[in-house]
Amino acid sequence: MQLLTDQNFNKNFIYSAILSITELMPMSQSNGLISFLRHYGPIPAGDNMYDELIQTEIERHGIDPAIHINPAKLREVQENFGVLEPRNIILTGTAGDGKTFHCRQIWDAFGGDPEHWNTGKKIVSLTLPVSGKALTIVKDLSELTLEEKNRLLINLASSVAGKSTVNVYLIAANDGQLLASWRDWSDIQGEDEYRIFKIVEEMLVEERTNDDALNLNLYNLSRLDASEHYQELVEQVAEHPQWSQCDGCNLLNSDGSTTCPIRINRERLRNGSNGSVFRKRLGELMKLARANRMHIPIRDLLLLCVNILLGDRQGRQILLTCQTAKNRAEKEDYRLTNPYANVFGMNLPERQRQQYQVFNILEAFGIGRETDNKFDNLLIYGSYSDSKLYKDLVSKDNYYGASAYEPYLRDYLEGDRENIDEFMRALSRQRQRLFFSLPTESVLNPWRLTVYQASGQFLEFIDGLENGGDVSRTTELLVRGLNRTFCGMMIDDGTKLYLASSGGDGRGRIASLLNYDLPTIKHRRDPYLNFSIGADKATPCMQIVDPAAEDDGIVDSLTLQLTHFEYLLRVACGSLPASFSRQCNEDFLDFKLRLIKRLDDLIGEEPSSDEVSLQALTVDEHGRVHPDNIRIRVGS
């Protein structure tokens, strides 16, 4: 937990005072839930960084129930410290993953004084009732001075090694800080201390919870599924009972309709009878981000939810209050409160937007910047061609559709084109809106508006692998992409994997000397290529399986991140292997060379002393592979 400096305290005090004054100003209606949610948004005061301040605001605004995610490892951690022989626990992860929240819950669960916790001490201790051991809780390792860290590590190493039987530890630490501090300390200690550090490092790298050699459990909270947590957070925020405080507001009609931008944005996130496409696409983006090894902390998920509801693109305000929402409604200035642009933090100045991980991750999908002829023709000429699709997808959105876009379109097509930059921004916002609002059964593919155009197929592939669906079409495309990458030729075969080299180190642009060809269906005797769902349930895994081997028989494997998947499908559809991503190309070539070596060790034949047998690959005009046997006699 970060300590409040005098500067932070003054800034937060002034900010809270301003909010209090604002809330007392006369207006048609004020909802305390809105004032509270602002503290979770991207506000300059940074209240969302401090657990103590949030607890204070919950009490101040009477928020019941509180908005929170059920701590991922709380039950396991609590059970551990409730037994006779508890283990030490380290919670790692990035800022905002809930490490300090876990620590506070454990403090409360075992009788710690809440007032003592809130005094700002970096290290607190209590006696565990069952074991009688002293539990030391470190709220945030990065907050300790070098001297404090070294003193702590001496005692922690002793407890982890089983030398100390009276103390046990619960420590919240950033991964990098933990390893750096422990490495620096162990370097000047003995061999035993350094050995302990190396085991902890291996546990982090290999994502193992425990090791037989240490009395330690290591939980990485960054391995959580953001898509599931986001849906849970949206549900808590959008369906919170205190939305009833809006009753009586003159912007809310008796039939439930409203002109309030906050309530309009809320309705677009609510599931309703048919579900929310907006919410569904957001969840899919979270899954794709996880599949591309991009982690979104829980704190950022809540910040995103609040910014969608309250984001305001007018001056320095950035978040709506009840009063400013009333002003936007009276002027019908909904272009400033666009929730689809708020997803990407477009209501924030660029420098401030870049400070938040969630906006950087979502911006990386390029939604709004990526162009597509079908979408752009619809948006630019649809209103002039009396297009039914335009009416359904653009004109019917009374707040963020035609009314917010067509004035800029008319100036672009009919006027002096004085505001082309503004038109391009308006066009970008319409692409974003369409991505988040296109019906699932639409003739237009929303993923064409992203950098990763195969994202929809990626999600279907993951679902098929996990639930036993038919994935043969996608598998064939992936194998075709692999063959073109491995061989450098326009091979159309997607039913067999060809491992070929160029006679040198195997990295030649054209690899035509066949080493192995592997089937893509399960074989009883020979190695084959298999696709399965990864251990994280978020990514597909490509495996070479030897059915004759013991255990699982996996010769080698490669996890296909979203970028890898996109690369293979683009290559399968005609792109050059190195044109989309040189890094992906290198990853697959590395995998091919490693795999050839392992298969050589496993099933390779001993070379003849008087003859060398080779198979040369050629590809005909139809993309079919033809192996030609070549025998070279070696002279004595």
Side-chain angles (χ1 to χ4, degrees), residues 1-3 73 76-81 83-95 97-104 106-107 110 112 117 120-128 130-223 295:
M1 179 59 61
Q2 242 175 316
L3 291 177
K73 297 296 180 182
E76 294 176 46
V77 176
Q78 188 168 330
E79 287 177 355
N80 172 74
F81 291 121
V83 300
L84 194 59
E85 292 296 333
R87 294 169 64 84
N88 298 283
I89 288 181
I90 297 178
L91 301 173
T92 71
T94 56
D97 278 328
K99 300 186 296 295
T100 306
F101 184 81
H102 276 75
C103 290
R104 181 165 59 83
I106 293 299
W107 174 261
F110 288 98
W117 179 273
K121 290 183 178 296
K122 295 176 281 189
I123 301 176
V124 293
S125 299
L126 55 78
T127 301
L128 293 173
V130 175
S131 65
K133 295 188 177 184
L135 171 62
T136 298
I137 301 177
V138 180
K139 298 180 181 180
D140 188 343
L141 185 68
S142 64
E143 290 294 314
L144 304 185
T145 65
L146 179 60
E147 184 180 345
E148 289 171 331
K149 287 178 185 176
N150 290 341
R151 196 162 51 240
L152 169 72
L153 286 168
I154 291 173
N155 297 322
L156 175 62
S158 177
S159 182
V160 162
K163 297 177 181 177
S164 172
T165 58
V166 295
N167 297 311
V168 67
Y169 291 84
L170 171 61
I171 296 176
N174 171 278
D175 308 29
Q177 276 277 346
L178 175 67
L179 288 181
S181 300
W182 209 320
R183 181 190 299 110
D184 292 346
W185 174 78
S186 66
D187 280 345
I188 57 175
Q189 305 298 317
E191 289 184 7
D192 289 344
E193 287 79 6
Y194 185 74
R195 181 184 58 83
I196 293 172
F197 160 71
K198 291 302 293 182
I199 295 174
V200 173
E201 183 180 43
E202 289 170 5
M203 289 172 66
L204 268 173
V205 172
E206 298 171 6
E207 299 182 11
R208 288 190 288 117
T209 301
N210 50 56
D211 188 280
D212 293 340
L214 300 182
N215 180 30
L216 172 68
N217 285 352
L218 186 64
Y219 298 115
N220 190 339
L221 302 185
S222 291
R223 297 295 178 262
H295 173 63

- Look up atom CD1 in I196 and atom CD in E191, then write down how far apart they are to the nearest 0.5 Å. 12.5 Å
- Message: Just checking F110: does its CZ atom have more than 12 heavy atoms from other residues, nucleotides or ligands closer to it than 6.0 angstrom?
- Response: yes
- Query: Which is it for I123 and K139 under the side-chain contact (heavy atoms from CB on, under 4.5 Å) test, yes or no, and what are the steps along the way?
  - Reply: CA-CA 6 Å; I123 301 176; K139 298 180 181 180; over 6 Å; no
- Task: Taking the side chain as every heavy atom from C-beta outward, state whether E193 and W185 have any pair of such atoms under 4.5 Å apart.
- Result: yes
- Close side-chain approach of I171 to L91, heavy-atom, < 4.5 Å: no
- Query: Under 3.5 Å, is there a donor-acceptor pair between the side chain of D97 and the main chain of K99?
  - Reply: no
- Which atoms form the tightest heavy-atom contact between L84 and S131, and what is the distance? O-CB, 3.2 Å
- Task: For E147 and R151, run salt bridge (Lys or Arg N to Asp or Glu O under 4.0 Å): C-alpha distance rounded to whole Å, both residues' side-chain angles, the deciding distance at 0.1 Å, then the answer.
- Result: CA-CA 6 Å; E147 184 180 345; R151 196 162 51 240; 3.4 Å; yes
- Query: Is there a donor-acceptor contact under 3.5 Å from the side chain of N88 to the main chain of Y169?
  - Reply: yes
- Query: Is the shortest heavy-atom distance from the side chain of L156 to the side chain of L153 under 4.5 Å?
  - Reply: yes
- Query: So do D187 and F197 actually touch side chain to side chain, heavy atoms under 4.5 Å?
  - Reply: no
- Using distance alone, with no hydrogens and no angle criterion, decide if Q78 and K73 have a side-chain donor and acceptor under 3.5 Å apart. no
- May I have the step-by-step check of side-chain contact (heavy atoms from CB on, under 4.5 Å) for I137 and S125, ending in yes or no? CA-CA 6 Å; I137 301 177; S125 299; over 6 Å; no
- Query: Under 3.5 Å, is there a donor-acceptor pair between the side chain of K149 and the main chain of E143?
  - Reply: no
- Message: When you compare the side chain of L178 with that of L204, does any pair of heavy atoms fall below 4.5 Å?
- Response: yes
- Item | Check: E201 main-chain N/O paired with R183 side-chain donor or acceptor under 3.5 Å | no
- Item | Close side-chain approach of I90 and T92, heavy atoms under 4.5 Å | yes
- Item | Donor-acceptor pair, side chain of N210 and main chain of N217, under 3.5 angstrom | no
- Query: Taking all atoms of both residues into account, what is the closest heavy-atom pair of S222 and H295, and its distance?
  - Reply: O-ND1, 3.0 Å
- Message: One pair to check against side-chain contact (heavy atoms from CB on, under 4.5 Å): V138 and V124. What are the steps and the verdict?
- Response: CA-CA 7 Å; V138 180; V124 293; over 6 Å; no
- Just wondering, do K133 and E85 contact through their side chains at under 4.5 Å, heavy atoms? yes
- Query: Would you say T127's side chain and A134's backbone share a donor-acceptor pair under 3.5 angstrom?
  - Reply: no
- Query: Between R208 and M203, is any pair of side-chain heavy atoms under 4.5 Å apart?
  - Reply: yes
- Query: Any luck finding a side-chain donor-acceptor pair between N155 and S158 under 3.5 Å?
  - Reply: no
- Query: Sub-3.5 Å donor-acceptor pair from the side chain of R87 to the main-chain atoms of N215, do we have one?
  - Reply: no
- List the steps and the verdict of side-chain contact (heavy atoms from CB on, under 4.5 Å) for I89 and L216. CA-CA 6 Å; I89 288 181; L216 172 68; 5.8 Å; no
- Hey, what do you get for CG (L214) to CD1 (I199), rounding to the nearest 0.5 Å? 4.5 Å
- Can you measure from CG (L135) to CZ (F81) and round to the nearest 0.5 angstrom? 5.0 Å
- Query: Within a radius of less than 6.0 Å around CD of E206, do more than 12 heavy atoms belonging to other residues, nucleotides or ligands occur?
  - Reply: yes
- Query: Side chains of S186 and Q189: is there a donor and an acceptor less than 3.5 Å apart?
  - Reply: no
- Correct closest heavy-atom pair for P86 and V168 would be O-CG2, 4.1 Å
- Query: What distance separates H102 NE2 from L221 CG, expressed to the nearest 0.5 Å?
  - Reply: 5.0 Å
- Item | Taking every non-hydrogen atom, the tightest pair across Y219 and V77 | CE1-CG2, 4.0 Å
- Task: May I ask you to decide if G93's main-chain N or O and D175's side chain share a donor-acceptor pair within less than 3.5 Å?
- Result: yes
